[in-house]
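Below you'll find the structure, written out as structure tokens, and then a few comments.
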Amino acid sequence: MEGTMRAWFMTEPGKMEMRQVPIPQIGPKDILFKVSYAAVCGSDLHAFDFGMAVQHYPITLGHEFTGYVVEAGSEVKDIPVGMRFMGTNIQWCGQCPACQAGDVFNCPDVTRNGLGFGVNGVFAEYSVLHNAMLNVSVYPLPGNVNDLAGATCEPMCVGAGMADALDVQDGDHVVIYGAGIIGQGLLQAIKARNKCEVAMVNRSPFRLELAKESGADYLISPTAEKPAIDSLREIWGSAEYPYHYGDQTEACNVDIAIEVTGNPDIVAECFKVVRKGGKVSLVASYTDDVVSPIAPADIFYKGVKLVDGLCGNFGKSVQLMSEGKFRTDHLITQVFPLEQLPEAIEAAKKTKNSCKVCVKVDPSAPDYPYNKQD
């Protein structure tokens, strides 16, 4: 496709500029798509501020989006021009043994070639998905999922995958630390799957109110005088566990604790609050230098099961959104035009009064009743 487009490029941490550049060309296994709406991820903030995971400069950030296919390579199958879709941020080489075996998510390049980290992302009018595959990296959006909601299917996919990975059971007591969109997605997915009670922990009253609308049974805003662990004991009681030779022989009666804050102290608290045989999952992103003060006794004597938090289910996220079991209209708190991407990034950092900040990339894309551009 010939022509030029508007795109934001980060030139170094903390600096970006909009440029008019040629529309990218594609290879035989790639697709070119027009971006309708994009969303600002927490990892975009870390990339912008500190260069986290960024492989080179300049680069276009962004990996949560709704797009329309405008060109498909000669070897692309079952992805027609005009298809409206959401896609994954994971890119793979297509040549290594893992890719050749169809195990693309274990390609060594996935951490180097991610959309918005290793290859140019979606804060631009057009972008490219390499080695595009239907229902692997490209997921068609049904008609009842609009473009703005479609851009939130990517972050909500974490909850869609984790609810199954945790094998939540009816009657379980679940605590989620962190009421951003990942925590909200976990909450909604768990409530859609099981009849259980979920407590949401966050310091922001604004985000806790959003969690109430998402279906939380209990809202906890911890303070120095009353930490979350005390509130959890009041709600669900305590659970003793044997073979412990210290003073703390009682845990909270929590079956599953999920950490979505990235705070190493909260990581430690998750192991402290769960009962014997309980489960912990660390779902936030952590850099290599983060160290948590976990008490070994909280793991050893309880037999805590650690569930891998690097999990997502893109197809199920789209399905749950289509079925109305995922809702993000109340979680989308601000929408900015592409020209105001720096303002969108700053708004996303203000977690006391924001949740998911989106960007209207295509000026001709429709607006929606909950589009809060003002």
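We number each residue from 1, following the sequence as shown.
Listed by first and then second residue, the ring pair (Phe, Tyr, Trp, His ring centres under 6.0 Å) pairs involving residues 203-235 are Tyr218-Trp236 (not counting sequence neighbours). Judged as a ring pair (Phe, Tyr, Trp, His ring centres under 6.0 Å), not a single pair has a partner in residues 147-170 (not counting sequence neighbours). Applying the ring pair (Phe, Tyr, Trp, His ring centres under 6.0 Å) definition to pairs two or more places apart or across chains, those involving residues 76-121 are Phe33-Phe85, His63-Phe117, Phe65-Phe85, Trp92-Phe105. Sorted by first and then second residue, the side-chain hydrogen bond (donor to acceptor under 3.5 Å, both in side chains) pairs with a member in residues 170-184 read Asp170-Asn194, Tyr177-Glu269, Gln184-Ser214; sequence neighbours excluded. Sequence neighbours left out, the pairs with a member in residues 303-322 that pass ring pair (Phe, Tyr, Trp, His ring centres under 6.0 Å) are Tyr139-Phe314.
For Lys349, the NZ atom counts as densely surrounded, since its 6.0 Å shell holds more than 12 non-hydrogen atoms of other residues, nucleotides or ligands. Counting heavy-atom neighbours within 6.0 Å of Leu306 CG, excluding the residue itself, gives a total above 12. For Tyr57, the OH atom sits in a packed shell: over 12 heavy atoms of surrounding residues, nucleotides or ligands are nearer than 6.0 Å. More than 12 heavy atoms of other residues, nucleotides or ligands lie within 6.0 Å of CG in Asp289, so this atom counts as buried by the packing criterion. Taking a 6.0 Å sphere around NZ of Lys276, one finds it holds more than 12 heavy atoms contributed by other residues, nucleotides or ligands.
With hydrogens and angles disregarded, a donor-acceptor distance shorter than 3.5 Å links the side chain of Asp30 to the backbone of Gly27. Lys356 places no side-chain N or O within 3.5 Å of a backbone atom of Gln334 that could act as its donor or acceptor partner. In this structure, Lys302 contributes its side chain and Val274 its backbone to a donor-acceptor pair below 3.5 Å. Side-chain atoms of Thr333 never come within 3.5 Å of backbone atoms of Ser354 as a donor-acceptor pair (strictly under, hydrogens ignored). Remark: the backbone N or O of Gly237 is not paired with any side-chain donor or acceptor of Asn253 at under 3.5 angstrom.
When only modelled atom types and interatomic distance are considered, Ser317 and Gln319 share no side-chain donor-acceptor pair under 3.5 Å. Glu71 and Tyr126 are not linked by any side-chain donor-acceptor pair at a separation below 3.5 angstrom, with hydrogens and angles left out of the test. For the residue pair Ser36 / Asp147, a side-chain donor-acceptor distance below 3.5 Å is found, with atom types taken as modelled.
In this structure, Lys34 is not positioned above the aromatic face of Tyr68 in the sense of NZ or CZ being under 6.0 Å from the six-membered ring centre and within 45° of the axis.
Other cluster members for Val291: none, since no ILVMFWY side-chain heavy atom sits under 4.5 Å from it.
Applying the salt bridge (Lys or Arg N to Asp or Glu O under 4.0 Å) test between Glu213 and each of Arg207, Arg327, Lys191 identifies Arg327 as the sole match.
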